[in-house]
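Here's the structure, in structure tokens; my notes come after.
Along the sequence shown, residues carry numbers from 1. Everything numeric here is computed off the predicted structure, so don't read it as measured data.
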Amino acid sequence: ILFINRIAKNQIPELLFKMDALYIGWHKLSIYRFGVCPNKLFDYMLAGKPIIHSISAGNDLVADAKCGITVQAEDIQAISDAINEMANKSKFELESMGENGRQFVLKHHDYKVLATKFINECK
């Protein structure tokens, strides 16, 4: 497990490429009952890496995309178990999860897709 300091946005793709799996965690906050949509998560998905997602919200993009393991927010034991589970997956399983995430973003959250949806809704 590697913890690093903040890096410049343009360095993110290169860094993510070097990782085996990625983590994003949330606090348990009532505001998240409406869902979340973090840019960082889309960066992770586009990198084609499996994701450990610690969340208690109205939506779960990692589960929707089948691109990782989801556990409850702030559950330290569940996060630890997810790390161990991820570490024990085969290379094929990890690559499949990563590709699921990449394809999900391209299909549902690419700017061209979102712009087309927006224009169609405005008609």
Side-chain angles (χ1 to χ4, degrees):
I1 297 175
L2 176 67
F3 295 94
I4 62 169
N5 291 326
R6 185 181 314 194
I7 63 169
K9 178 76 172 167
N10 65 346
Q11 294 176 305
I12 291 173
E14 181 182 346
L15 175 71
L16 297 181
F17 179 76
K18 296 177 182 181
M19 302 296 147
D20 296 315
L22 303 163
Y23 171 81
I24 183 169
W26 300 84
H27 292 287
K28 285 185 181 179
L29 297 175
S30 62
I31 188 81
Y32 297 148
R33 71 185 179 280
F34 301 111
V36 298
C37 190
N39 289 336
K40 180 186 294 186
L41 186 55
F42 295 132
D43 290 339
Y44 286 8
M45 291 171 142
L46 280 173
K49 300 296 179 175
I51 300 165
I52 296 170
H53 196 204
S54 174
I55 188 168
S56 299
N59 68 329
D60 181 358
L61 295 170
V62 169
D64 293 345
K66 298 176 178 57
C67 66
I69 300 169
T70 297
V71 298
Q72 287 296 307
E74 299 183 13
D75 185 336
I76 295 168
Q77 184 60 55
I79 295 165
S80 176
D81 292 345
I83 292 167
N84 288 324
E85 181 182 344
M86 191 72 77
N88 288 313
K89 291 198 177 292
S90 70
K91 183 177 179 179
F92 176 78
E93 290 174 298
L94 296 173
E95 288 174 353
S96 294
M97 285 190 289
E99 185 60 20
N100 288 346
R102 198 174 77 72
Q103 291 302 319
F104 184 85
V105 170
L106 294 174
K107 182 177 180 182
H108 300 288
H109 296 280
D110 182 82
Y111 284 130
K112 291 177 186 176
V113 172
L114 295 174
T116 300
K117 286 181 183 179
F118 178 77
I119 290 167
N120 289 339
E121 289 295 320
C122 290
K123 289 182 180 177

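Other residues, nucleotides and ligands contribute only 12 or fewer heavy atoms inside 6.0 Å of the NE2 atom of H27. Within a 6.0 Å radius of CG in D20, no more than 12 heavy atoms belonging to other residues, nucleotides or ligands are found. I7 CD1: more than 12 foreign heavy atoms inside a 6.0 Å radius.
No path of Ile, Leu, Val, Met, Phe, Trp and Tyr side chains, each step under 4.5 Å between heavy atoms, connects L46 with F17, placing them in separate hydrophobic clusters. In the hydrophobic clustering of ILVMFWY residues, with side-chain heavy atoms under 4.5 Å counting as a link, V105 and V113 come out apart. Cluster membership check: I4 shares its hydrophobic cluster with Y44, using side-chain heavy-atom separations under 4.5 Å among Ile, Leu, Val, Met, Phe, Trp and Tyr. Residues L114 and L106 do not share a hydrophobic cluster, defined by chaining ILVMFWY side chains whose heavy atoms lie under 4.5 Å apart.
When atom types are taken as modelled, the side chain of S54 and the backbone of Q72 share a donor-acceptor pair closer than 3.5 angstrom. At distances below 3.5 Å, at least one donor-acceptor pair connects side-chain atoms of S96 with backbone N or O atoms of F92. Under the 3.5 Å distance criterion, the side-chain polar atoms of K40 are left unmatched by any main-chain donor or acceptor of I24. In this structure, S56 contributes its side chain and A73 its backbone to a donor-acceptor pair below 3.5 Å.
Between the CD atom of Q103 and the NE2 atom of H108 there is a distance of 10.0 Å, given to the nearest 0.5 Å. Here CG of L94 is found 10.0 Å from CG of N88. Values are rounded to the nearest 0.5 Å. Once rounded to the nearest 0.5 Å, the distance linking CG of N120 with CZ of F118 reads 11.0 Å. The NE2 atom of H53 sits 9.0 Å away from the OH atom of Y23 when rounded to the nearest 0.5 Å. Of the inter-residue distances, the one linking T70 atom OG1 with L61 atom CG reads 9.5 Å to the nearest 0.5 angstrom. Atom CE in M86 sits 11.5 Å away from atom NZ in K49 (nearest 0.5 Å).
For the pair L16 and A47, the tightest heavy-atom approach, listed with the atom from each and the gap, is CB-CB, 3.7 Å. In terms of heavy-atom proximity, A57 sits nearest to V36 at CB-CG1, 4.4 Å.
Using a 4.0 Å cut-off between charged side-chain N and carboxylate O, E14 and K18 make a salt bridge.
The aromatic rings of F104 and H109 are tilted relative to each other, their planes meeting at an angle between 30° and 60°.
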- Derivation of the side-chain contact (heavy atoms from CB on, under 4.5 Å) call for I51 and M45: CA-CA 8 Å; I51 300 165; M45 291 171 142; 3.8 Å; yes
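Between L22 and D43, the closest side-chain pair of non-hydrogen atoms is not below 4.5 Å.
For the side chain to side chain contact (heavy atoms under 4.5 Å, CB included) test with I55, the passing option among V71, D60, L41, V62 is D60; the others fail.
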